[in-house]
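Presented below is the structure to which this report refers.
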Amino acid sequence: MHDARLLIDMGEDAVHRLARRGYTLDLSYLESLQSRRNKSIQAGDELRSESKRIAQQVQQTAKAGGEISALKETARKLKEQIRVAEAEQEHVQHELMELLLTIPNLPADEAPDGDSEEFAVQQRRVGAPPVFSFEPKDHVDLGEAMGILDFGRATKLSGPRFSVLRGVGAALERALATLFLNLHTRCHGYVEHSVPLLVSRKTMTGTGQLPKFEEDLFKTGVADRDLFLIPTAEVPLTNLYADEIISPTELPIALTAHTPCFRSEAGSYGRDTRGLIRQHQFAKVEMVRIAAPEQARAEMEKMVGHAEACLKELDLAYRVVTLAAGDTGFSAQLTYDLEVWLPSQSTYREISSVSDFGTFQGRRAGIRTRDENGNPTPAATVNGSGLPIGRTLAAVLEQHQQADGSVLLPESLVRYLGFRQFKADGTPSEE
């Protein structure tokens, strides 16, 4: 969320920058709301000051034996005026907050122009995409042939866009999560958390999922409690520090968690709905860093390296791109996507997004630190996938498939699984 005063001070620059991401800022409307808010606060303060003065005058006059009926009537009218002024202040404050909650973050200057993945700028490629002497299969055909993926039974249980992993498929899912968590906690300095999967509306608002993305969320509740299934562990991890002031000496804070994630993915269609690429429920290891505002970009670069380390451990070819301003997420000011090579599609597909949110989430969630003068100030947040289990599993199957339909696993997974290869029938082999 933005500070309204900062947007107003930026003026046309804020309008131009938000236009890069397809948002039209009505600056005059924002200015009018801010002006009304300031006037209502000033009016309320003046009325309360006058009410206090009259109350003291009533006491003094009564003590002196004077007539106080007129003063008491004045006091009564002032109380009514204060009630009206406070109601106006609350009303305009609500209007202002409703507007601010819908304004996306300002895109960083480094974000290229454009509104889709076509405008992303490649930073680097790592590893050569595998070359096969046969027509590579996609992960769905491979997994179903092996008997380790079962989309039919998943549909029977829950409808389309769910999956069941069986046997060594389930073991591979568990191994990937353990590998990533061990990397992040033992090598990258993150503290692992186990967090709630159901969170409040306030928590969802703190990281920017609400109000804009409510249609993409799964919602439930008991009695008068509304709760949302988390779309990513970013939500509970970041909000652990909501409405707190963090000492600068504690920063940066690095958090990670392995959780199920739930998204309705409204509007998704086509190739992304086949297999493990875009599902309603999926598992993911998430990374969150909370930092001083001036350190956010450095923390983002560090997190990109942590996500890349996961891909390197699995011997997967990938690339890193900078997303265009109009394709950057609502809360982010700059996003790098890590895209893994999928042989079945002969292209790179997004497997991790790492985003610098600046102080946008910190201001929304009330996560603060202190500046050089000791004054409270919003903290910066950085978030990234490290990594989603399903998409990674798909990439492992596709990039490491063999001509006979088996899959040869990278050494990093052998340590956790105890075998080196999936045979074509889905049974493990140490050969």
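Here the structure is a predicted model, which means the values were calculated and not measured. Reckoned from all heavy atoms, side chains included, excluding hydrogens, waters and symmetry mates.
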*Should Thr185 and Glu192 be marked as a side-chain hydrogen bond (donor to acceptor under 3.5 Å, both in side chains) after you check the CA-CA gap, both sets of side-chain angles, and the distance that decides it?*
CA-CA 7 Å; Thr185 58; Glu192 183 179 357; 5.2 Å; no
[atom1]-[atom2] distance between [X] and [Y], expressed to the nearest 0.5 angstrom:
X	Y	atom1	atom2	value
Met146	Asp141	CE	CG	11.5 Å
Leu314	Glu411	CG	CD	12.0 Å
Phe228	Leu198	CZ	CG	11.0 Å
Leu30	Leu96	CG	CG	6.5 Å
Arg20	Arg17	CZ	CZ	8.0 Å

Looking at [X] and [Y], would you say the former's side chain and the latter's main chain have a donor-acceptor pair under 3.5 Å?
X	Y	answer
Asp337	Glu339	no
Glu12	Met10	no
Thr359	Pro378	no
Asn373	Asn375	no
Arg391	Ser352	no
Ser247	Thr249	yes
Asn105	Ser331	yes

Measuring only between side-chain heavy atoms, which start at C-beta, is [X] closer than 4.5 Å to [Y]?
X	Y	answer
Leu99	Tyr29	yes
Pro107	Thr328	no
Phe162	Thr155	no
Val320	Glu308	yes
Asn383	Phe357	yes
Phe213	Met204	no
Val285	Leu387	no
Leu217	Pro231	yes

Flag if over 12 foreign heavy atoms under 6.0 Å of [atom1], [X]:
X	atom1	value
Glu294	CD	yes
Arg166	CZ	no
Arg319	CZ	yes
Arg415	CZ	yes
Glu90	CD	no

*Run the side-chain hydrogen bond (donor to acceptor under 3.5 Å, both in side chains) check on Ser200 and Thr203 step by step: do they pass?*
CA-CA 5 Å; Ser200 67; Thr203 298; 3.0 Å; yes
*Looking only at side chains, do Thr347 and Gln345 share a donor and an acceptor under 3.5 Å apart?*
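Note: Thr347 and Gln345 side chains miss the donor-acceptor criterion.
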*Establish, from distance only, whether the side-chain atoms of Tyr336 and Asp356 form a donor-acceptor pair under 3.5 Å.*
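Side chains of Tyr336 and Asp356: no pair found under 3.5 Å.
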*Could you note down all residue pairs passing side-chain hydrogen bond (donor to acceptor under 3.5 Å, both in side chains) where residues 232-242 supplies at least one of them, sequence neighbours left out?*
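Passing the test, one end in residues 232-242: Thr232-Lys284, Thr232-Glu286, Glu234-Gln361.
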*For the pair Glu31 and Arg36, evaluate salt bridge (Lys or Arg N to Asp or Glu O under 4.0 Å) and give the outcome as yes or no after the intermediate values.*
CA-CA 9 Å; Glu31 289 173 332; Arg36 284 171 54 199; over 6 Å; no
*asked:* Quick check: Phe180 with His258 (ring centres under 6.0 Å apart)?
replied: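 No, they do not, as the ring centres are separated by 6.0 Å or more.
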*Could you tell me whether Phe330 and Phe360 have their ring centroids closer than 6.0 angstrom?*
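Yes - the distance between ring centres of Phe330 and Phe360 falls below the 6.0 Å cut-off.
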*Cation-pi check, Arg289 to Tyr190: give yes when NZ or CZ is under 6.0 Å from the six-membered ring centre and within 45° of the ring axis, no otherwise.*
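Yes, cation above the ring, under 6.0 Å and within 45°.
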*Report the residue from Lys423, Gln401, Gln421 that forms a side-chain hydrogen bond (donor to acceptor under 3.5 Å, both in side chains) with Ser406.*
Gln421
*Among Glu88, Glu95, Gln93, which residue meets the side-chain hydrogen bond (donor to acceptor under 3.5 Å, both in side chains) test with His91?*
Glu95
*Got a sec, which residues hit side chain to side chain contact (heavy atoms under 4.5 Å, CB included) with Arg368, two or more places apart in sequence or on another chain?*
Ile245, Pro376
*Classify the ring geometry between His188 and His184 as parallel (under 30°), tilted (30 to 60°) or perpendicular (over 60°).*
tilted
*asked:* Let's go through Gln279 and Ser163 carefully: what are the C-alpha distance in whole Å and the side-chain angles of both, what is the deciding distance for side-chain hydrogen bond (donor to acceptor under 3.5 Å, both in side chains) to 0.1 Å, and is it a yes or a no?
replied: CA-CA 8 Å; Gln279 296 200 304; Ser163 62; 3.1 Å; yes
